[in-house]
**Student:** 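Input: one structure, supplied below.
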Amino acid sequence: MTGHAVSLGIWALMAVLLVGLGIASLASDGRVARVGSVGRLLTGGRLRGAVFLAAWMWLGWHFFAR
């Protein structure tokens, strides 16, 4: 399996998880957080947003740029 195929598989898995979270939040009557709520939680402040961005950049560099 090539690195490109692994990379595409990871992106596909993230997309499926995101759609699954959206569907679960609609079906759970508020027990599962909505996608927007999770995004606001991760990037809710200036420091949290900067840490999230740095972590995302680190992950991208180490897993997807190779």
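Sequential numbering from 1 along the given sequence is applied to the chain's residues. Since the model is a prediction, treat every value here as computed from it, not as a measurement.
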**Student:** Ignoring hydrogens and angles, tell me if any N or O in the side chain of Ser28 forms a donor-acceptor pair with the backbone of Ala24 under 3.5 Å.
**Tutor:** yes
**Student:** Testing the basics here: between Val38 and Ala33, what is the closest heavy-atom pair and its distance to 0.1 Å?
**Tutor:** CG2-CB, 3.9 Å
**Student:** Is Leu42 linked to Leu59 within one hydrophobic cluster, defined over Ile, Leu, Val, Met, Phe, Trp and Tyr using a side-chain heavy-atom separation of less than 4.5 Å?
**Tutor:** no
**Student:** Rounded to the nearest 0.5 Å, what's the gap from CG on Leu8 to CG on Leu13? Could you check?
**Tutor:** 12.5 Å
**Student:** Under a single-linkage definition using a 4.5 Å side-chain heavy-atom cutoff for Ile, Leu, Val, Met, Phe, Trp and Tyr, are Val19 and Trp11 assigned to the same hydrophobic cluster?
**Tutor:** no
**Student:** Cluster question for you: counting only ILVMFWY and a side-chain heavy-atom cut-off of under 4.5 Å, with indirect links fine, are Leu41 and Leu18 together?
**Tutor:** no
**Student:** How far does CZ of Arg40 sit from CZ of Arg34, to the nearest 0.5 angstrom?
**Tutor:** 10.5 Å
**Student:** Atom OG1 of Thr43 and atom CH2 of Trp56: how far apart are they, to the nearest 0.5 Å?
**Tutor:** 12.5 Å
